[in-house]
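Data block below; observations after.
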Amino acid sequence: MSAETVENAIAKKPAEALFSKRRKKLVSDPLVDDNPITIQVLGICSALAVTTQMKPTLVMAISVIFVIVMSNLVISLMRNTIPSRVRIIVQLAVVATLVTLVSEVLKAFAYDMYKELSVFVGLIITNCIVMGRLEAFALGNKPYDSVLDGFGSALGYSWIILAVAFFRELWGSGAVFGIPVFEYASSIFGPDFKLATNGLMVSPVGAFIILGLIIWVQRTKTGYVEH
Amino acid sequence: MQQSNTYIITFSVILTVVLGLLLSGTSQILGPLQKEAIALDNKKQILGAVIPGEEIAAMTPEQVNTYYANRIASVVVDINGKEVTEQNGVAVTAETVDIAKNYKKPAEERLYPVYVFHSEGNPDDVANYVLPLYGAGLWDAIWGYISLDTDMNTVGGITLAHAGETPGLGARITEPGVQARYEGKTIFDESGELVAVEMQKGEGYNYSDNPHEVDGLSGATITAKGVNNMLRNYLGYYKAYIETKKSSTAVAAL
(Lines give C-alpha, C1' and ligand atoms only; values in the text may rest on other atoms or scores of the structure.)
Protein backbone atom coordinates (compact mmCIF):
# COMPACT_ATOMS: atom_id res chain seq x y z
CA MET A 1 0.00 0.00 0.00
CA SER A 2 2.61 2.48 1.05
CA ALA A 3 4.97 1.28 -1.64
CA GLU A 4 2.29 1.90 -4.21
CA THR A 5 1.78 5.53 -3.19
CA VAL A 6 5.46 6.20 -3.34
CA GLU A 7 5.63 4.72 -6.78
CA ASN A 8 2.64 6.76 -7.86
CA ALA A 9 4.21 9.90 -6.58
CA ILE A 10 7.38 9.29 -8.55
CA ALA A 11 5.47 8.36 -11.66
CA LYS A 12 3.20 11.37 -11.40
CA LYS A 13 5.85 14.00 -10.95
CA PRO A 14 7.36 14.07 -14.45
CA ALA A 15 3.89 13.88 -16.01
CA GLU A 16 2.60 17.15 -14.65
CA ALA A 17 -0.48 18.21 -16.54
CA LEU A 18 0.19 20.43 -19.54
CA PHE A 19 -1.84 23.17 -17.90
CA SER A 20 -1.56 22.30 -14.23
CA LYS A 21 -2.53 24.82 -11.58
CA ARG A 22 1.08 25.84 -11.04
CA ARG A 23 1.62 26.40 -14.75
CA LYS A 24 -1.59 28.36 -15.15
CA LYS A 25 -0.37 30.57 -12.35
CA LEU A 26 2.86 31.18 -14.26
CA VAL A 27 0.83 32.73 -17.04
CA SER A 28 -1.90 34.42 -15.02
CA ASP A 29 0.16 35.93 -12.21
CA PRO A 30 1.91 38.56 -14.34
CA LEU A 31 -1.40 39.62 -15.87
CA VAL A 32 -2.66 41.42 -12.78
CA ASP A 33 -1.15 40.46 -9.40
CA ASP A 34 2.46 40.67 -10.54
CA ASN A 35 2.13 42.79 -13.65
CA PRO A 36 5.53 43.85 -15.00
CA ILE A 37 4.37 47.40 -15.72
CA THR A 38 1.89 48.29 -13.01
CA ILE A 39 3.41 46.34 -10.10
CA GLN A 40 7.07 45.88 -10.95
CA VAL A 41 7.10 49.17 -12.91
CA LEU A 42 9.40 47.85 -15.65
CA GLY A 43 9.34 48.61 -19.36
CA ILE A 44 7.92 52.08 -18.79
CA CYS A 45 10.03 53.71 -21.51
CA SER A 46 8.39 51.87 -24.40
CA ALA A 47 5.00 51.98 -22.69
CA LEU A 48 5.17 55.75 -22.93
CA ALA A 49 6.76 56.04 -26.34
CA VAL A 50 4.85 53.72 -28.66
CA THR A 51 1.35 54.05 -27.25
CA THR A 52 0.01 57.04 -29.19
CA GLN A 53 -1.87 54.68 -31.51
CA MET A 54 -3.26 51.17 -31.26
CA LYS A 55 -1.73 49.75 -34.45
CA PRO A 56 1.96 50.31 -33.73
CA THR A 57 1.30 49.33 -30.13
CA LEU A 58 -0.09 45.99 -31.25
CA VAL A 59 2.97 45.36 -33.43
CA MET A 60 5.18 46.31 -30.48
CA ALA A 61 3.24 43.95 -28.19
CA ILE A 62 3.59 41.05 -30.64
CA SER A 63 7.32 41.76 -31.04
CA VAL A 64 7.83 41.81 -27.28
CA ILE A 65 5.87 38.57 -26.83
CA PHE A 66 8.02 36.90 -29.50
CA VAL A 67 11.29 38.15 -28.02
CA ILE A 68 10.46 37.25 -24.40
CA VAL A 69 9.08 33.80 -25.19
CA MET A 70 11.88 32.84 -27.56
CA SER A 71 14.68 34.18 -25.37
CA ASN A 72 13.22 32.39 -22.36
CA LEU A 73 13.11 29.18 -24.38
CA VAL A 74 16.65 29.49 -25.72
CA ILE A 75 18.21 30.49 -22.40
CA SER A 76 16.30 27.76 -20.57
CA LEU A 77 17.53 25.15 -23.07
CA MET A 78 21.11 26.34 -22.58
CA ARG A 79 20.82 26.95 -18.83
CA ASN A 80 23.12 24.08 -17.83
CA THR A 81 25.86 25.01 -20.26
CA ILE A 82 25.98 28.79 -19.75
CA PRO A 83 29.06 29.74 -17.70
CA SER A 84 27.71 31.80 -14.81
CA ARG A 85 30.48 34.38 -15.08
CA VAL A 86 29.38 35.49 -18.55
CA ARG A 87 25.68 34.71 -18.27
CA ILE A 88 24.54 38.33 -18.59
CA ILE A 89 26.47 38.76 -21.83
CA VAL A 90 25.10 35.49 -23.15
CA GLN A 91 21.55 36.60 -22.34
CA LEU A 92 22.18 39.94 -23.97
CA ALA A 93 23.56 38.30 -27.12
CA VAL A 94 20.51 36.04 -27.44
CA VAL A 95 18.05 38.87 -26.81
CA ALA A 96 19.87 41.22 -29.19
CA THR A 97 19.84 38.58 -31.92
CA LEU A 98 16.11 38.00 -31.52
CA VAL A 99 15.37 41.72 -31.53
CA THR A 100 17.45 42.20 -34.67
CA LEU A 101 15.51 39.37 -36.31
CA VAL A 102 12.22 41.08 -35.45
CA SER A 103 13.45 44.39 -36.76
CA GLU A 104 14.71 42.81 -40.02
CA VAL A 105 11.40 41.04 -40.58
CA LEU A 106 9.47 44.25 -39.95
CA LYS A 107 11.75 46.11 -42.35
CA ALA A 108 11.04 43.57 -45.08
CA PHE A 109 7.31 43.02 -44.61
CA ALA A 110 5.94 46.10 -42.84
CA TYR A 111 8.24 48.96 -43.75
CA ASP A 112 5.80 51.69 -42.68
CA MET A 113 5.50 50.09 -39.26
CA TYR A 114 9.28 49.74 -39.12
CA LYS A 115 9.63 53.46 -39.75
CA GLU A 116 7.01 54.35 -37.18
CA LEU A 117 8.39 52.19 -34.38
CA SER A 118 11.94 53.12 -35.40
CA VAL A 119 14.25 52.91 -32.41
CA PHE A 120 11.73 51.35 -30.08
CA VAL A 121 11.97 47.90 -31.68
CA GLY A 122 15.72 48.03 -31.09
CA LEU A 123 15.10 49.19 -27.54
CA ILE A 124 13.29 45.92 -26.72
CA ILE A 125 16.84 44.76 -25.96
CA THR A 126 16.96 47.07 -22.99
CA ASN A 127 13.42 46.30 -21.85
CA CYS A 128 13.98 45.19 -18.27
CA ILE A 129 11.16 42.68 -18.48
CA VAL A 130 13.12 40.53 -20.96
CA MET A 131 16.37 40.29 -19.01
CA GLY A 132 14.45 40.20 -15.75
CA ARG A 133 12.60 37.03 -16.72
CA LEU A 134 15.80 35.43 -18.04
CA GLU A 135 17.70 36.11 -14.81
CA ALA A 136 14.87 35.33 -12.46
CA PHE A 137 13.26 32.36 -14.15
CA ALA A 138 14.65 30.90 -17.35
CA LEU A 139 18.13 30.28 -15.90
CA GLY A 140 16.71 27.94 -13.27
CA ASN A 141 13.68 26.32 -14.85
CA LYS A 142 12.74 23.87 -17.58
CA PRO A 143 12.02 25.14 -21.10
CA TYR A 144 8.25 24.63 -21.10
CA ASP A 145 7.78 26.40 -17.77
CA SER A 146 10.05 29.20 -18.92
CA VAL A 147 8.04 29.68 -22.09
CA LEU A 148 4.83 29.91 -20.04
CA ASP A 149 6.43 32.34 -17.62
CA GLY A 150 7.72 34.52 -20.44
CA PHE A 151 4.38 34.41 -22.21
CA GLY A 152 2.59 35.51 -19.05
CA SER A 153 4.92 38.44 -18.46
CA ALA A 154 4.79 39.51 -22.10
CA LEU A 155 1.00 39.30 -22.04
CA GLY A 156 0.89 41.37 -18.85
CA TYR A 157 3.02 43.99 -20.61
CA SER A 158 0.96 43.82 -23.80
CA TRP A 159 -2.46 44.33 -22.32
CA ILE A 160 -1.31 47.31 -20.32
CA ILE A 161 0.29 49.09 -23.30
CA LEU A 162 -2.77 48.27 -25.43
CA ALA A 163 -5.04 49.73 -22.76
CA VAL A 164 -2.90 52.86 -22.54
CA ALA A 165 -2.87 53.15 -26.34
CA PHE A 166 -6.65 52.73 -26.51
CA PHE A 167 -7.29 55.72 -24.26
CA ARG A 168 -4.52 57.81 -25.79
CA GLU A 169 -5.69 57.24 -29.36
CA LEU A 170 -9.34 57.75 -28.42
CA TRP A 171 -8.81 61.00 -26.52
CA GLY A 172 -5.79 62.19 -28.46
CA SER A 173 -6.85 61.52 -32.05
CA GLY A 174 -10.51 60.54 -31.64
CA ALA A 175 -9.93 57.14 -33.18
CA VAL A 176 -9.52 53.45 -32.36
CA PHE A 177 -7.17 51.41 -34.57
CA GLY A 178 -7.21 54.33 -37.00
CA ILE A 179 -11.03 54.27 -37.26
CA PRO A 180 -12.27 57.82 -36.60
CA VAL A 181 -14.78 57.07 -33.84
CA PHE A 182 -15.34 60.70 -32.90
CA GLU A 183 -16.27 61.59 -36.48
CA TYR A 184 -18.81 58.77 -36.53
CA ALA A 185 -20.28 60.07 -33.30
CA SER A 186 -20.67 63.50 -34.87
CA SER A 187 -22.34 62.01 -37.96
CA ILE A 188 -24.83 60.10 -35.80
CA PHE A 189 -25.75 62.85 -33.33
CA GLY A 190 -25.63 65.69 -35.84
CA PRO A 191 -22.94 68.28 -36.61
CA ASP A 192 -23.48 70.14 -33.32
CA PHE A 193 -22.29 67.11 -31.37
CA LYS A 194 -18.53 67.52 -31.38
CA LEU A 195 -16.13 65.54 -29.21
CA ALA A 196 -12.94 67.42 -28.59
CA THR A 197 -9.56 65.70 -28.72
CA ASN A 198 -6.83 66.51 -26.26
CA GLY A 199 -3.33 67.20 -27.57
CA LEU A 200 -1.86 66.21 -24.21
CA MET A 201 -2.79 62.60 -24.92
CA VAL A 202 -0.60 62.55 -28.02
CA SER A 203 2.49 63.55 -26.06
CA PRO A 204 4.24 61.11 -23.69
CA VAL A 205 2.84 63.06 -20.73
CA GLY A 206 -0.58 61.66 -21.62
CA ALA A 207 0.77 58.14 -21.23
CA PHE A 208 2.03 58.95 -17.74
CA ILE A 209 -1.41 60.14 -16.71
CA ILE A 210 -3.23 57.14 -18.21
CA LEU A 211 -0.70 54.73 -16.74
CA GLY A 212 -0.99 56.38 -13.35
CA LEU A 213 -4.76 56.04 -13.46
CA ILE A 214 -4.54 52.36 -14.44
CA ILE A 215 -2.12 51.67 -11.58
CA TRP A 216 -4.40 53.56 -9.17
CA VAL A 217 -7.50 51.62 -10.18
CA GLN A 218 -5.65 48.33 -10.07
CA ARG A 219 -4.10 48.90 -6.66
CA THR A 220 -7.39 50.02 -5.21
CA LYS A 221 -8.94 46.75 -6.39
CA THR A 222 -6.12 44.39 -5.40
CA GLY A 223 -5.18 46.26 -2.24
CA TYR A 224 -1.51 46.08 -3.24
CA VAL A 225 0.80 48.19 -1.10
CA GLU A 226 4.40 48.90 -1.96
CA HIS A 227 6.74 47.67 0.74
CA MET B 1 34.94 22.33 -15.37
CA GLN B 2 32.19 24.64 -16.50
CA GLN B 3 33.94 27.62 -14.94
CA SER B 4 37.35 27.19 -16.56
CA ASN B 5 38.55 29.99 -18.80
CA THR B 6 38.90 27.66 -21.78
CA TYR B 7 35.27 26.63 -21.41
CA ILE B 8 34.07 30.22 -21.20
CA ILE B 9 36.08 31.28 -24.24
CA THR B 10 34.98 28.27 -26.30
CA PHE B 11 31.37 28.83 -25.29
CA SER B 12 31.52 32.51 -26.24
CA VAL B 13 33.16 31.80 -29.59
CA ILE B 14 30.59 29.16 -30.54
CA LEU B 15 27.70 31.39 -29.43
CA THR B 16 29.05 34.34 -31.40
CA VAL B 17 29.53 32.28 -34.55
CA VAL B 18 26.08 30.68 -34.34
CA LEU B 19 24.27 33.98 -33.69
CA GLY B 20 26.37 35.73 -36.32
CA LEU B 21 25.52 33.14 -38.95
CA LEU B 22 21.85 33.33 -38.03
CA LEU B 23 21.80 37.11 -38.41
CA SER B 24 23.77 37.29 -41.64
CA GLY B 25 21.61 34.48 -43.08
CA THR B 26 18.42 36.39 -42.27
CA SER B 27 19.79 39.57 -43.72
CA GLN B 28 20.76 37.68 -46.91
CA ILE B 29 17.29 36.19 -47.26
CA LEU B 30 15.35 39.35 -46.39
CA GLY B 31 17.70 41.75 -48.17
CA PRO B 32 15.91 41.82 -51.55
CA LEU B 33 12.52 42.22 -49.88
CA GLN B 34 13.82 45.09 -47.78
CA LYS B 35 15.27 46.79 -50.85
CA GLU B 36 11.89 46.51 -52.53
CA ALA B 37 10.17 47.96 -49.47
CA ILE B 38 12.60 50.89 -49.38
CA ALA B 39 12.18 51.55 -53.12
CA LEU B 40 8.42 51.54 -52.69
CA ASP B 41 8.68 53.89 -49.74
CA ASN B 42 10.82 56.23 -51.84
CA LYS B 43 8.19 56.28 -54.59
CA LYS B 44 5.54 57.05 -52.00
CA GLN B 45 7.60 59.97 -50.74
CA ILE B 46 8.13 61.32 -54.27
CA LEU B 47 4.41 61.02 -55.02
CA GLY B 48 3.67 62.56 -51.62
CA ALA B 49 5.07 65.87 -52.89
CA VAL B 50 2.46 66.03 -55.65
CA ILE B 51 -0.66 64.17 -54.45
CA PRO B 52 -2.32 64.08 -51.02
CA GLY B 53 -0.95 61.60 -48.51
CA GLU B 54 -4.32 59.92 -47.84
CA GLU B 55 -4.58 59.02 -51.50
CA ILE B 56 -1.22 57.28 -51.39
CA ALA B 57 -2.04 55.55 -48.11
CA ALA B 58 -5.13 54.03 -49.74
CA MET B 59 -3.11 52.52 -52.60
CA THR B 60 -1.77 48.97 -52.63
CA PRO B 61 1.94 48.54 -53.39
CA GLU B 62 1.12 47.45 -56.97
CA GLN B 63 -1.05 50.52 -57.48
CA VAL B 64 1.75 52.76 -56.24
CA ASN B 65 4.17 51.12 -58.67
CA THR B 66 1.84 51.46 -61.69
CA TYR B 67 0.86 54.99 -60.75
CA TYR B 68 4.51 55.89 -60.42
CA ALA B 69 5.38 54.24 -63.74
CA ASN B 70 2.53 56.03 -65.53
CA ARG B 71 2.93 59.46 -64.08
CA ILE B 72 6.59 59.99 -63.23
CA ALA B 73 9.39 60.43 -65.74
CA SER B 74 12.85 61.04 -64.40
CA VAL B 75 16.11 62.55 -65.48
CA VAL B 76 19.44 63.00 -63.77
CA VAL B 77 21.28 66.30 -64.04
CA ASP B 78 24.58 67.66 -62.78
CA ILE B 79 25.18 70.93 -60.92
CA ASN B 80 25.12 72.86 -64.22
CA GLY B 81 21.68 71.53 -65.08
CA LYS B 82 23.04 69.31 -67.87
CA GLU B 83 21.45 65.93 -68.27
CA VAL B 84 23.61 62.97 -67.21
CA THR B 85 22.94 59.58 -68.74
CA GLU B 86 26.05 57.69 -67.70
CA GLN B 87 28.84 58.00 -65.18
CA ASN B 88 32.12 56.10 -65.45
CA GLY B 89 30.61 53.99 -68.19
CA VAL B 90 27.61 52.94 -66.10
CA ALA B 91 24.11 54.01 -67.15
CA VAL B 92 22.50 56.36 -64.62
CA THR B 93 18.81 56.43 -63.78
CA ALA B 94 17.20 58.68 -61.21
CA GLU B 95 15.83 55.74 -59.23
CA THR B 96 19.30 54.27 -58.68
CA VAL B 97 20.88 57.52 -57.50
CA ASP B 98 21.50 57.31 -53.77
CA ILE B 99 20.98 60.85 -52.48
CA ALA B 100 22.59 60.10 -49.11
CA LYS B 101 25.75 58.71 -50.76
CA ASN B 102 25.92 61.63 -53.18
CA TYR B 103 25.59 64.02 -50.26
CA LYS B 104 29.05 62.94 -49.07
CA LYS B 105 30.68 64.06 -52.33
CA PRO B 106 31.48 67.69 -53.15
CA ALA B 107 28.43 69.47 -54.58
CA GLU B 108 29.97 69.77 -58.06
CA GLU B 109 30.44 66.00 -58.42
CA ARG B 110 27.02 64.92 -57.21
CA LEU B 111 24.25 63.55 -59.36
CA TYR B 112 20.91 65.31 -59.05
CA PRO B 113 17.81 63.34 -59.98
CA VAL B 114 14.67 65.15 -61.11
CA TYR B 115 11.26 63.47 -61.06
CA VAL B 116 8.84 64.86 -63.56
CA PHE B 117 5.16 64.47 -62.70
CA HIS B 118 3.16 64.44 -65.93
CA SER B 119 -0.34 63.57 -67.08
CA GLU B 120 -0.94 59.93 -67.87
CA GLY B 121 0.51 58.77 -71.18
CA ASN B 122 1.91 62.16 -72.14
CA PRO B 123 5.33 62.87 -70.65
CA ASP B 124 5.42 66.32 -72.30
CA ASP B 125 2.37 67.56 -70.43
CA VAL B 126 4.28 68.33 -67.25
CA ALA B 127 2.43 69.20 -64.06
CA ASN B 128 5.23 69.36 -61.48
CA TYR B 129 8.96 68.92 -61.07
CA VAL B 130 9.89 66.97 -57.96
CA LEU B 131 13.36 67.58 -56.51
CA PRO B 132 14.96 65.59 -53.71
CA LEU B 133 16.31 67.24 -50.56
CA TYR B 134 18.86 66.00 -48.07
CA GLY B 135 20.52 67.55 -45.04
CA ALA B 136 21.12 67.42 -41.33
CA GLY B 137 18.52 67.85 -38.62
CA LEU B 138 19.28 68.08 -34.93
CA TRP B 139 20.26 64.44 -34.30
CA ASP B 140 20.52 62.75 -37.65
CA ALA B 141 19.81 63.06 -41.35
CA ILE B 142 16.65 64.65 -42.69
CA TRP B 143 15.47 64.39 -46.28
CA GLY B 144 12.46 64.92 -48.43
CA TYR B 145 11.07 65.94 -51.79
CA ILE B 146 9.78 69.29 -52.94
CA SER B 147 7.57 69.75 -55.97
CA LEU B 148 7.63 72.91 -58.05
CA ASP B 149 4.90 74.00 -60.42
CA THR B 150 5.83 74.56 -64.06
CA ASP B 151 6.65 78.21 -63.34
CA MET B 152 9.57 76.74 -61.34
CA ASN B 153 8.72 79.13 -58.56
CA THR B 154 5.58 78.03 -56.75
CA VAL B 155 5.86 75.13 -54.28
CA GLY B 156 3.28 72.47 -55.12
CA GLY B 157 3.98 70.36 -52.07
CA ILE B 158 6.70 68.91 -49.90
CA THR B 159 7.39 65.68 -48.10
CA LEU B 160 9.84 65.61 -45.24
CA ALA B 161 11.30 62.63 -43.43
CA HIS B 162 13.91 62.12 -40.75
CA ALA B 163 16.08 59.43 -39.26
CA GLY B 164 16.00 60.37 -35.60
CA GLU B 165 14.53 63.72 -34.72
CA THR B 166 12.91 64.09 -31.30
CA PRO B 167 9.42 62.56 -31.26
CA GLY B 168 6.77 65.22 -30.71
CA LEU B 169 9.20 68.04 -31.53
CA GLY B 170 11.48 67.82 -34.57
CA ALA B 171 9.80 64.62 -35.73
CA ARG B 172 6.71 66.68 -36.45
CA ILE B 173 8.19 67.62 -39.83
CA THR B 174 6.60 64.40 -41.11
CA GLU B 175 3.09 65.61 -40.19
CA PRO B 176 0.85 66.50 -43.14
CA GLY B 177 -0.28 69.65 -41.33
CA VAL B 178 3.29 70.93 -41.10
CA GLN B 179 4.10 70.03 -44.70
CA ALA B 180 0.93 71.72 -45.95
CA ARG B 181 2.34 75.06 -44.72
CA TYR B 182 4.73 75.08 -47.69
CA GLU B 183 2.06 74.78 -50.37
CA GLY B 184 1.72 77.85 -52.59
CA LYS B 185 4.88 79.54 -51.27
CA THR B 186 7.41 80.78 -53.80
CA ILE B 187 11.17 80.30 -53.87
CA PHE B 188 12.24 83.37 -55.90
CA ASP B 189 11.69 86.96 -54.75
CA GLU B 190 10.55 89.81 -57.05
CA SER B 191 14.09 90.55 -58.22
CA GLY B 192 14.55 86.91 -59.24
CA GLU B 193 16.91 86.01 -56.37
CA LEU B 194 16.61 82.50 -54.99
CA VAL B 195 15.47 82.91 -51.39
CA ALA B 196 13.77 79.52 -50.87
CA VAL B 197 11.18 79.17 -48.10
CA GLU B 198 12.14 79.67 -44.48
CA MET B 199 10.53 78.14 -41.47
CA GLN B 200 10.38 80.78 -38.74
CA LYS B 201 11.08 80.51 -35.04
CA GLY B 202 8.00 80.13 -32.87
CA GLU B 203 4.67 78.63 -33.75
CA GLY B 204 1.10 79.75 -34.20
CA TYR B 205 1.72 82.79 -36.39
CA ASN B 206 0.15 83.61 -39.70
CA TYR B 207 2.55 83.98 -42.61
CA SER B 208 -0.02 83.86 -45.38
CA ASP B 209 0.99 87.32 -46.65
CA ASN B 210 4.68 86.40 -46.90
CA PRO B 211 5.44 84.02 -49.78
CA HIS B 212 8.85 82.97 -48.42
CA GLU B 213 8.07 82.25 -44.77
CA VAL B 214 6.15 79.49 -43.03
CA ASP B 215 5.09 78.96 -39.44
CA GLY B 216 7.73 77.28 -37.26
CA LEU B 217 7.82 74.30 -34.95
CA SER B 218 7.62 75.10 -31.26
CA GLY B 219 10.52 73.45 -29.46
CA ALA B 220 12.22 72.31 -32.65
CA THR B 221 14.11 75.38 -33.81
CA ILE B 222 17.25 73.45 -34.74
CA THR B 223 15.34 70.91 -36.82
CA ALA B 224 13.57 73.80 -38.53
CA LYS B 225 16.95 75.39 -39.24
CA GLY B 226 18.09 72.10 -40.72
CA VAL B 227 15.04 72.06 -42.98
CA ASN B 228 15.74 75.66 -44.02
CA ASN B 229 19.39 74.92 -44.82
CA MET B 230 18.42 71.79 -46.71
CA LEU B 231 15.88 73.67 -48.83
CA ARG B 232 18.24 76.56 -49.57
CA ASN B 233 21.17 74.23 -50.39
CA TYR B 234 19.29 71.87 -52.64
CA LEU B 235 17.31 74.51 -54.47
CA GLY B 236 20.70 76.18 -54.98
CA TYR B 237 22.21 72.99 -56.42
CA TYR B 238 19.27 72.70 -58.80
CA LYS B 239 19.31 76.39 -59.66
CA ALA B 240 20.90 75.89 -63.08
CA TYR B 241 18.31 73.27 -63.98
CA ILE B 242 15.49 75.42 -62.62
CA GLU B 243 16.69 78.40 -64.69
CA THR B 244 16.78 76.37 -67.93
CA LYS B 245 13.25 75.08 -67.32
CA LYS B 246 12.09 78.55 -66.37
CA SER B 247 13.37 80.12 -69.59
CA SER B 248 11.93 77.32 -71.70
CA THR B 249 8.46 77.72 -70.16
CA ALA B 250 8.80 81.49 -70.63
CA VAL B 251 9.50 80.87 -74.32
CA ALA B 252 6.56 78.50 -74.55
CA ALA B 253 4.32 81.12 -72.95
CA LEU B 254 5.30 83.64 -75.59
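Throughout, protein chains are lettered first and strands after them, A, B, ... in sequence-line order, and every chain is numbered starting at 1. Source: prediction; values computed, not measured. Heavy-atom basis, side chains included; hydrogens, waters and symmetry copies ignored.
The OH atom of A:Y144 sits 13.0 Å away from the OG atom of A:S76 when rounded to the nearest 0.5 Å. To the nearest 0.5 Å, atom CG of residue B:L47 and atom CD1 of residue B:I72 are 5.0 Å apart.
Heavy atoms of B:L15 lying under 4.5 Å from chain A belong exclusively to its side chain. For chain A, no part of B:K35 is nearby; none of its heavy atoms comes within less than 4.5 Å. Only the side chain of A:V86 comes within contact range of chain B, with at least one heavy atom under 4.5 Å from a heavy atom of that chain.
A donor-acceptor contact closer than 3.5 angstrom is absent between the side chains of A:E104 and B:T26.
Top candidate by heavy-atom pairs under 4.5 Å with chain A, chosen from B:S27, B:A37, B:A161, is B:A37. Among the candidates B:L33, B:I29, B:T174, the residue making the largest number of heavy-atom pairs closer than 4.5 Å to chain A is B:L33. Chosen from B:L22, B:L30, B:T16, B:V18, the residue pairing most often with chain A at heavy-atom distances under 4.5 Å is B:L30.
Listed by first then second residue, pairs satisfying ring-ring contact (aromatic ring centres under 6.0 Å, His included) with a partner in residues 152-173 of chain A read A:F167-A:W171, not counting sequence neighbours.
Between B:Y238 and B:Y234, the two ring planes are tilted [angle within 30° to 60°].
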